[in-house]
Every structure is written in structure tokens, then in C-alpha cells.
Amino acid sequence: SDYALGSPMVKEATIHLSNGKVLTITANNQSKENVFVHSVSINGETLEGTLLSHDDIINGGELIFEMSNTPKTN
């Protein structure tokens with residue numbers, strides 16, 4: 001399964017998974033003005049696109065959003 005990512009509503013969250021692992025979510029530079037996702041990485045690997053796999057979530061680790069005040073252009 002894949003999950004679609006969007007702009008996070010919180011600056012930081014910690015999810016304790018049922019398998020004992022922990023997923024920490026951080027939105028760097030998130031503010032009222034910085035609502036656009038510039039990039040996302042999971043455990044140091046930059047994600048391409050807007051999908052996160054279930055395996056990435058259940059393995060725990062760190063999901064980092066880099067936020068910006070302008071939309072990312074390709």
C-alpha cells in the first residue's frame with residue numbers, strides 16, 4: 001500500500017507503532033506562510049513524488065518535510 005503525502009498541519013509528531021518502532025515526522029520551516037512542501041525524505045532518502053509506502057512507515061525512522069513559501073516547480 002502507498003499513502004499520498006500532503007502539507008503537514010503540525011511541526012512535529014511522534015507515532016509509536018504497534019511493532020514497537022517509532023516514526024518521527026518533522027516539518028522544517030513550517031509556518032503560516034510556508035505551506036508548500038519543497039521536499040520530503042524518509043531516513044535520509046529523498047522521496048520522488050508524493051507517495052510513501054507502507055513498508056517505509058512500519059520500519060519507523062524519521063520522515064522530514066522541508067517547507068517553503070513558494071510551490072515547488074519541476
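Nothing fancy with the numbering, it's 1 onward along the sequence.
- In terms of heavy-atom proximity, Thr70 sits nearest to Phe36 at O-CB, 3.4 Å.
- With sequence neighbours excluded, no residue forms a side-chain hydrogen bond (donor to acceptor under 3.5 Å, both in side chains) with Gln30.
- Partners of Ser1 by side-chain contact (heavy atoms from CB on, under 4.5 Å), not counting sequence neighbours, listed by chain and number: His54.
- The backbone N or O of Asn28 lies less than 3.5 Å from no partner atom in the side chain of Thr26, so there is not a single donor-acceptor pair.
- Judged as a side-chain hydrogen bond (donor to acceptor under 3.5 Å, both in side chains), and not counting sequence neighbours, the contacts of Asp56 are Ser53.
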Using distance only, find each side-chain donor-acceptor pair of residues 7-19 under 3.5 Å and give its atom names and separation, not counting sequence neighbours.
residue: Ser7; atom: OG; partner: Val35; partner atom: O; Å: 2.8
residue: Asn19; atom: OD1; partner: Lys21; partner atom: N; Å: 3.0
residue: Asn19; atom: ND2; partner: Ile58; partner atom: O; Å: 2.7

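- Hydrophobic cluster membership is shared by Ile25 and Leu5, with clusters built from Ile, Leu, Val, Met, Phe, Trp and Tyr side chains linked at under 4.5 angstrom.
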Side-chain donor-acceptor contacts of residues 41-51 below 3.5 Å, not counting sequence neighbours, with atom names and distances?
residue: Asn43; atom: OD1; partner: Glu62; partner atom: N; Å: 2.7
residue: Asn43; atom: ND2; partner: Gly60; partner atom: O; Å: 3.3

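- Contacts of Ser39 classified as side-chain contact (heavy atoms from CB on, under 4.5 Å), with partners at least two apart in sequence or in another chain: Glu66.
- Contact of the Leu52 side chain with the Leu63 side chain is registered, since non-hydrogen atoms from C-beta on lie closer than 4.5 Å.
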